[in-house]
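Whatever order the structure lists ligands and atoms in, that order sets their numbers, starting from 1. Sequence positions, counted from 1, serve as the residue numbers for this chain. The basis for the numbers below is simple: all heavy atoms, side chains too, and nothing from hydrogens, waters or symmetry mates.
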Amino acid sequence: MGATVSNERSADTPSPARVAHPLDPLTPDEFRATAALLRRDRDVTDRWRIASIELREPSKQELEEHAAGGSVPREALVVCWNRDDGRVYKATLSLTGDRVLSWHEVVGEQPNMTVDEFYEADVMLRQHPDVVAGLARRGITDLSKVLMDTWTYGHALIPERYHGRRVAWTDTWYRTREGSNPYANPVNGFHCVIDLNSMELLEIEDTFTVDMPDSMGEYAPAHVPGLQLREDLRPLEITQPDGVSFTLDGNLITWQGWSMRVGFNYREGLVLHTVGYDDGGRTRPIAHRLSIAEMVVPYRDPTDDHYRRTAYDVGEWGLGFMTTSLELGCDCLGEIRYVDAHLHDTKGEPYTIRNAVCIHEEDNAVLWKHVDADTGAEVRRMRRLVVSVHVTVANYEYLIYWRFYQDGNIECEVRATGVMVVSHFTDGQQPPYGTLVDQRTYAPFHQHFLVARLDMDVDGENNTVYMSESHREPIGPDNPYGLALVQREVPLRTEQEGRQDFSWETQRAWKVVNDNRRNGLGTPVGYKLVPGGAIPAMMDPASPVFQRAEAIGHTLWVTAYDQQERWPCGEFCNQSMEDKGLPMWTEQNRDIEDTDVVLWYVFGINHITRPEEWPIMAVDTVSFWLKPFGFFDRNPSLDVPPSPSGAHECGTDHHHG
Ligand SMILES: [Cu+2]
């Protein structure tokens with residue numbers, strides 16, 4: 001959780017404001033126009049904050065009209081609130097029509113946290129005499145080395161006297177030296193409760209102190225005592241002397257048959273629109289829209305420092321707001337194309353995250369190979385197209401990669417890295433909810449649940465999801481050796497049936513099938529969701545943490561498409577009491593057979609912390625796949641040519657294997 005610190009921001013970039021396509025994200029000028037319109041028509045003064053502005057994405061029907069030459073109006077969705085009375089409003093604005101289309105008060109909800117509040121709270125607290133005195137009692141007197149991180153509350157944990165207010169609690173960290181790592185040094189047992197609207201300190205919870213251990217939480221070479229950098233690494237260079245094999249036209253990417261549009265908003269960050277595959281000159285749709293729609297990070301440590309730690313990095317903070325700029329040669333290697341992202345502060349003023357989205361090709365070892373005794377080897381190198389973003393949420397980073405392969409596969413990989421939250425403890429009193437990672441220092445266990453929203457349109461909108469399982473057949477006359485394995489395909493007909501859990505015993509997966517379209521073999525076309533990184537919630541259903549994130553209670557949810565249904569734990573997660581997303585939508589138990597469906601895939605990391613993840617964590621990686629299943633008639637990568645290899649071509653060097 002928290003806010004980005006390393007964005008390359010420029011307040012007013014003369015960026016290409018050209019809108020080439022109705023799915024293109026809002027431009028800086030459109031953010032400005034939105035804020036101006038709110039000020040003019042709704043008296044949104046400086047006492048207000050704008051929590052979010054995003055494109056009201058065109059419907060599937062509007063996109064069809066656009067493809068036929070029609071024009072699509074530009075509209076913005078806004079959530080804003082008045083700090084003086086705390087009232088929250090949702091608005092839809094027509095930017096092409098210069099007017100407010102709708103304006104509704106949202107009662108009993110809190111908008112997402114904002115970067116402005118995060119920074120303002122830090123400044124306010126570090127000047128507050130009570131904070132200064134409280135830290136001085138612990139021997140911390142240089143407030144310039146102190147960092148106060150704002151964390152959100154779930155409703156159940158907000159002290160009753162503060163109900164109805166926009167509140168947050170804070171962690172305190174400090175740097176031992178200028179430029180050193182604040183997350184190396186927690187100020188344990190010291191938490192402020194603040195009102196974000198009045199930006200005032202409500203109280204300090206000063207519950208315990210721990211003597212500073214002799215720990216080493218530094219990762220920057222200048223601060224690691226006695227560190228000798230390795231000297232035996234020689235350069236490894238990626239060059240594409242003839243340029244890249246993809247094209248980027250505005251936000252449209254095409255590569256090796258694939259096509260897709262890059263989108264971006266404050267909440268999901270990177271969005272991929274209209275993912276399709278060219279098949280003989282015709283673009284066959286696969287997914288209308290792919291994104292990470294929620295990430296919930298409950299810490300599983302009930303002690304004083306950690307019991308409130310349940311970050312919704314998407315719903316409370318926004319992966320878009322937390323996206324950081326990427327640097328060539330460091331974050332992405334090779335021939336890179338970048339897309340900038342444009343967002344806004346709480347006044348609606350635009351800023352630019354330069355190089356927010358990285359697009360490049362990677363070699364990924366062998367795609368396919370066979371060595372024939374007579375004719376020798378045929379081998380092809382695998383190439384993949386990667387569209388990625390990096391997100392910094394205070395102490396943690398998430399690296400999100402969508403990868404497209406020549407054999408029709410799509411992979412979504414998430415890497416978690418950064419600095420783990422730690423606490424110190426008094427000798428002999430280590431809580432059992434974490435791992436010892438340094439002297440009298442433990443890192444609490446926690447989980448990262450991600451929810452991928454997969455709006456699949458496999459060869460069209462009318463799809464059915466099948467639970468696909470392997471079953472062993474009993475020993476019998478037809479199966480005397482007990483070898484037989486059969487595949488069972490069970491159509492999911494309703495949203496209740498669409499609540500699915502991972503099954504190791506049957507290797508359950510899910511096929512998104514278009515029963516109206518057949519391949520050359522006469523079987524229906526489909527894409528298979530191959531589960532990876534599935535983890536159970538492992539939470540008491542009565543837990544308030546679980547009640548506001550019931551979406552994490554299943555591996556897969558399938559819903560009937562509704563453009564309004566976007567947030568699996570509800571639109572307003574900040575201070576929420578219950579999950580108003582997936583569990584509520586699916587209570588309708590709509591028909592999901594042979595219709596437009598959305599898959600919500602829950603995966604993540606059950607993070608049992610390790611000493612080797614301290615003081616900085618090498619990436620922990622999880623992924624899932626979407627693989628064509630009868631979408632093509634045969635291996636679509638048969639036509640990948642052999643790679644040139646020095647004097648000869650791979651695969652033409654005939655010797656016996
Ligand atoms: Cu973790």
Exercise. Number of protein N/O/S atoms less than 2.8 Å from the Cu ion (ligand 1)?
Worked result: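 Number of qualifying protein atoms: 4.
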Exercise. Can you name the residues that form a ring pair (Phe, Tyr, Trp, His ring centres under 6.0 Å) with H273, not counting sequence neighbours?
Worked result: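 H273 satisfies ring pair (Phe, Tyr, Trp, His ring centres under 6.0 Å) with no other residue.
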Exercise. Mind checking what makes ring pair (Phe, Tyr, Trp, His ring centres under 6.0 Å) contact with F190, not counting sequence neighbours?
Worked result: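 F190: no ring pair (Phe, Tyr, Trp, His ring centres under 6.0 Å) contacts found.
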Problem set entry | Evaluation steps, side chain to side chain contact (heavy atoms under 4.5 Å, CB included), between W317 and F118 | CA-CA 10 Å; W317 292 97; F118 185 88; 3.8 Å; yes
For this session: Assess the side chains of R499 and T586: does a donor N or O sit below 3.5 Å from an acceptor N or O?
Result: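 R499 vs T586: donor-acceptor pair found between side chains.
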Exercise. Just by distance, with hydrogens left out, do E218 and N181 show a side-chain donor and acceptor under 3.5 Å apart?
Worked result: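 Not at all, the side chains of E218 and N181 share no donor-acceptor pair under 3.5 Å.
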For this session: Name all residues meeting the side-chain contact (heavy atoms from CB on, under 4.5 Å) criterion together with A341; count only those two or more places apart in sequence or in a different chain, and write none if there are none.
Result: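 Partners of A341 by the side-chain contact (heavy atoms from CB on, under 4.5 Å) criterion, ordered by chain and then number, come out as F264, I353, A356.
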